[in-house]
Amino acid sequence: MDADVGLLQEVRAIPTDVIDQVEIGTREHWDSHVWNSDWHKDRYPNLCDRWPMVVKLSDRVEIEWFKQVSPVSETKCDEFAVSGIGTVAAARIVPEKGKPFLAVSNVCALD
């Protein structure tokens, strides 16, 4: 497809036959279990097992993945405040040519 960036939804795992062709960033970018402590256990015993992701598909772009944080009054330059952690993945895309832009992938269903 010659795409530079992919916005994936409800990803459980990148298939092993293509994992070496994509860059997914750190777990803090997409895995809600990294940020969620025990707050969800009584509410959602099966917190998301699938996540949205922004993935790098070519060397024509650089990607700066945002870490998800709870809504607070101030975020750091590498953070993205969301009310439902694990429901959104965001990244700054820096193409070789052209202007940087934000890409956001959204979706995660709770059981």
Worksheet item: Taking the side chain from S105 and the backbone from A89, do they hold a donor-acceptor pair closer than 3.5 Å?
Response: no
Practice prompt. Look only at the side chain of Q68 and the backbone of E79, and say whether a donor-acceptor pair between them is shorter than 3.5 Å.
Written response: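 No, the answer is negative, given that no donor and acceptor are paired below the 3.5 Å cut-off.
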Worksheet item: Which heavy-atom pair separates M53 from I24 by the least distance, and what is that distance?
Response: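 Closest approach of M53 to I24: SD-CG2, 4.3 Å.
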Worksheet item: Between C77 and F66, which heavy-atom pair has the shortest distance, and what is it?
Response: O-CE2, 3.4 Å
Is there a side-chain contact between [X] and [Y] (heavy atoms, below 4.5 Å)?
{"X": "T26", "Y": "W65", "value": "no"}
{"X": "L102", "Y": "I93", "value": "no"}
{"X": "V94", "Y": "I63", "value": "no"}
{"X": "E64", "Y": "D78", "value": "no"}
{"X": "N106", "Y": "L7", "value": "no"}
{"X": "K56", "Y": "V61", "value": "yes"}
{"X": "T75", "Y": "F80", "value": "no"}
{"X": "I19", "Y": "I14", "value": "yes"}

Fill in: Ionic contact status for E62 with R92, cut-off 4.0 Å
no
Discussion item. Looking at D20, I want to see if its CG is surrounded by more than 12 non-hydrogen atoms of other residues, nucleotides or ligands under 6.0 Å.
Written reply: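 Correct, the count exceeds 12.
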Practice prompt. Measure the spacing between OG of S58 and CD of Q21 and express it to the nearest 0.5 Å.
Written response: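 Answer for the OG-CD pair, S58 versus Q21, is 12.5 Å.
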Discussion item. Assess the residue pair V55 and V5 against the criterion (side-chain contact (heavy atoms from CB on, under 4.5 Å)); give the C-alpha distance rounded to whole Å, side-chain angles, the decisive distance to 0.1 Å, and a yes or no.
Written reply: CA-CA 6 Å; V55 298; V5 176; over 6 Å; no
